[in-house]
> 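Following this message is one structure expressed as structure tokens.
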Amino acid sequence: MSALSDAITRSFSAEELDRPAMSPLRALGRRRLSGVEVLAQSVATTAPAASMVVLPMTMLRNASPLVGLLTILGATILISLIALCVTQFTRRQAAAGGLYSFVFQGLGTRAALTTGVAVLVKYLGSATLTLYSGSAALTAVLREVGFDVDGPVATLAVHAAVAAAALAVLVRGARFAALAILAVEAGSLLFIVALTLLPAAGTVSPAAGPVTAPHGVLYVALGAIFALAGFESATFFGPEAKRPLVTITRPVLLTPMICGGLFVFAAWAAWTGRSTTIVDVYLHGTDSGAPTLLVVALNLGLACSWLASATASSHAASRLVYSMGVERLLPPVFTAVHRRFRTPYAALLAIVLLVAAASALLAPSPVLDTLRDVVRAMVVAAYVLVAVASIRFLRRIREQTPGVLLAAFAASLAGIALLGYLLVARILDSDIGGPAVIAALLSAGLLWHRRLLRRRPGDLDRVGAFDHAESDDVLPGAGVFAPDAHGNPVLVAGRAPPGRRHRGGPPTDSS
């Protein structure tokens, strides 16, 4: 009881703050999201229901069933290692910038800006691709039930309606969006799993190509990684989560296990022929001999899964844009937050409009394939950077352990090998555009840093904003607050400079 008595005694003599200490991310609303709501965000971003249909098809087109199954299993293990690296940061801080903010802690501003570009391209590209696929599936449903949705005007109307619905859900609030996404994805997932459990109907042979293809294993691996990408989207909601150091860490670890297990199950179903019904209906519709009701139900389930993923990806991207706005790397308009719902509505509006316009302009063409390659490359690049950053970060704070270091090294080397293989494969296939775009995007962060260093060097000091303790979070006399480099009061672990202590009893020795 002596410690408690001392704390109570200090509380009576504690000085009041000249200016309250406030988190730079408090406008988003702190400590609101539960673990289930955060998990829903991560799982929905991966679109597990839709991926359980697309991955088997990708596997059967590009590799033998056994090789495809082992490749998907290997990709799941790789993403789990990346998740372990990410949790080294989520256990210690909460940031709306996600991987971008974490990489700053380990590798500094140059790598952070490169990661920011890669992550933003990933989420915008993923949202575009899933919105395009979801709108196409929704169009197929409308066509089957008798609505004429052919032509550019009808296509634009479908995309506009979907974008408006997604924006309304997102602006309504993080909790509402998470629960809506969870309900939609859960229903789709149950339906797809039920179809997959039907008795085997023979081996599937999609008409799009041979059983094996050049660089087939690479594309299966990248497809599986892209399907699992988004597990880290929970990290963007750290400041908004209850008990963030626990609430965020658990979904980051659980999502690759849950979704990876589902994808391995889907690969096994393809190997045993249980995916025949799903793939045939997905590829050929009623021409496969399936009843119209089944075709409508499958396309509706896929549409819901893809659109939930597009919504979740836009949700995560808005937090990254908001965080960069707070750090003055992007225009301050993106820091505008809805007074009631606490959502960054300006960032959400810009992102949803951009994604909707891009998805409406997409069509089956080489541009679509290039976009997929670019987004997948950005995913791998961001994961490599956060794995390397975790090594540097743990060494800096002297908390490294052999297991985590080994996982980070293995994940980094595997990611670098995959990224290099992708670039070489595209060049060998006479595709120079894709590698050129990838190289340009990876260089954009360095150019951005150089520009800021020349014109606005002070803004570089704001990179890496994260949620920190506020005045109301600390009992009087239990902590010491002192100004940071920008004059904002923050909790410090040590003696405050003379005359600059804001709150907390007697100064303590520096730790």
Side-chain angles (χ1 to χ4, degrees), residues 23-30 33 38 41-42 45 82 85-124 126 174 229-241 244-245 247-249 251-252 312-332 334-337 342-344 346-348 350-351 378-379 381-383 385-390 392-393 444-445 448-449 452 459-468 484 486 488:
S23 168
L25 306 174
R26 73 187 315 270
L28 294 174
R30 306 173 76 227
L33 300 180
V38 174
Q41 165 68 30
S42 287
T45 309
I82 297 293
C85 296
V86 173
T87 60
Q88 305 311 306
F89 299 98
T90 61
R91 295 178 192 277
R92 295 170 173 86
Q93 71 175 53
L99 302 188
Y100 152 77
S101 299
F102 298 157
V103 169
F104 167 77
Q105 298 295 329
L107 298 177
T109 53
R110 289 186 181 87
L113 292 175
T114 301
T115 305
V117 172
V119 172
L120 191 57
V121 170
K122 182 271 171 191
Y123 279 104
L124 292 178
S126 178
F231 75 91
E232 78 288 349
S233 65
T235 61
F236 294 96
F237 298 87
E240 302 171 63
L245 304 187
T247 303
I248 301 301
T249 299
V252 167
S313 294
S314 300
H315 211 187
S318 71
R319 267 51 182 183
L320 175 58
V321 171
Y322 172 83
S323 181
M324 288 183 168
V326 169
E327 298 167 358
R328 299 183 184 179
L329 300 179
L330 292 179
F334 293 120
T335 63
V337 175
R342 298 294 188 94
T343 52
L348 284 170
I351 288 168
M378 293 300 102
V379 169
Y383 288 168
L385 285 169
V386 78
V388 175
S390 69
R392 294 285 300 275
F393 174 68
W448 192 3
H449 179 272
L452 290 172
D459 289 348
L460 292 175
D461 295 333
R462 301 179 184 275
V463 174
F466 61 94
D467 184 55
H468 60 67
D484 63 8
H486 303 287
N488 301 313

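Values reported hereafter were calculated over all heavy atoms of this structure, with side chains retained and with hydrogens, waters and symmetry mates removed. Values in this document were obtained by computation on a predicted structure and should not be read as measured data.
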> For residues 99-120, which side-chain N or O atoms pair as donor and acceptor with protein atoms under 3.5 Å away, sequence neighbours left out?
residue: Y100; atom: OH; partner: E327; partner atom: OE1; Å: 2.3
residue: T109; atom: OG1; partner: H449; partner atom: NE2; Å: 3.1
residue: T114; atom: OG1; partner: R110; partner atom: O; Å: 3.1
residue: T115; atom: OG1; partner: A111; partner atom: O; Å: 2.8

> Tell me the closest heavy-atom pair linking A347 and V321, and the distance in Å.
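Nearest heavy atoms, A347 then V321: CB-CG1, 3.9 Å.
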> Any donor-acceptor pair under 3.5 Å linking the side chain of E240 with the backbone of G238?
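Not confirmed, E240 side chain does not pair with G238 backbone.
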> Measure the spacing between CZ of R26 and CZ of R342 and express it to the nearest 0.5 Å.
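These two atoms lie 7.0 Å from each other.
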> Less than 4.5 Å apart, side chain to side chain, heavy atoms only: is that true for W448 and L329?
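When only atoms from C-beta onward are counted, L329 and W448 do touch, with a gap below 4.5 Å.
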> Is a donor from one side chain sitting under 3.5 angstrom from an acceptor on the other, for T90 and T249?
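T249 and T90 do have a side-chain donor-acceptor pair below 3.5 Å.
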> A side-chain contact here means heavy atoms from C-beta on lying under 4.5 Å apart; do F237 and R319 qualify?
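F237 vs R319: side chains touch.
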> What pair of heavy atoms forms the shortest contact from F466 to A95, and how long is it?
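The pair with the smallest heavy-atom distance is CB-CB, 3.9 Å.
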> Kindly compute the distance separating CG (L330) from CG (L320), expressed to the nearest 0.5 Å.
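So the CG of L330 and the CG of L320 are separated by 8.0 Å.
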> Would you confirm whether S318, through its side chain, and P344, through its main-chain N or O, come within 3.5 Å as a donor-acceptor pair?
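Side chain of S318 to backbone of P344: no pair is present.
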> Under 4.5 Å between any side-chain heavy atoms of F89 and V386, yes or no?
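Touching, per the 4.5 Å side-chain cut-off.
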> Which heavy atom of V326 sits nearest to which heavy atom of P24, and what is that distance?
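The pair with the smallest heavy-atom distance is CG1-O, 4.0 Å.
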> About how many Å separate OH of Y123 and CD of E232, when rounded to the nearest 0.5 Å?
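E232 atom CD to Y123 atom OH measures 3.5 Å (nearest 0.5 Å).
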> I need the minimum non-hydrogen distance between A234 and I248, along with the two atoms involved.
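Closest approach of A234 to I248, heavy atoms only: O-CD1, 3.3 Å.
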> To check you understand the geometry: which heavy-atom pair defines the closest contact between T45 and A312, and what is its length?
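Taking every non-hydrogen atom into account, OG1-CB, 3.3 Å.
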> Take F236 and Y322 through the ring-ring contact (aromatic ring centres under 6.0 Å, His included) test and state the conclusion after the steps.
CA-CA 10 Å; F236 294 96; Y322 172 83; over 10 Å; no
> Could you give all pairs that pass the salt bridge (Lys or Arg N to Asp or Glu O under 4.0 Å) test and reach residues 90-100, with sequence neighbours left out?
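Residue pairs with at least one partner in residues 90-100: R92-E399.
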> On a heavy-atom basis, which atom in T335 and which in G325 lie closest, and how many Å separate them?
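Nearest pair, atom of T335 first, then G325: CG2-C, 3.3 Å.
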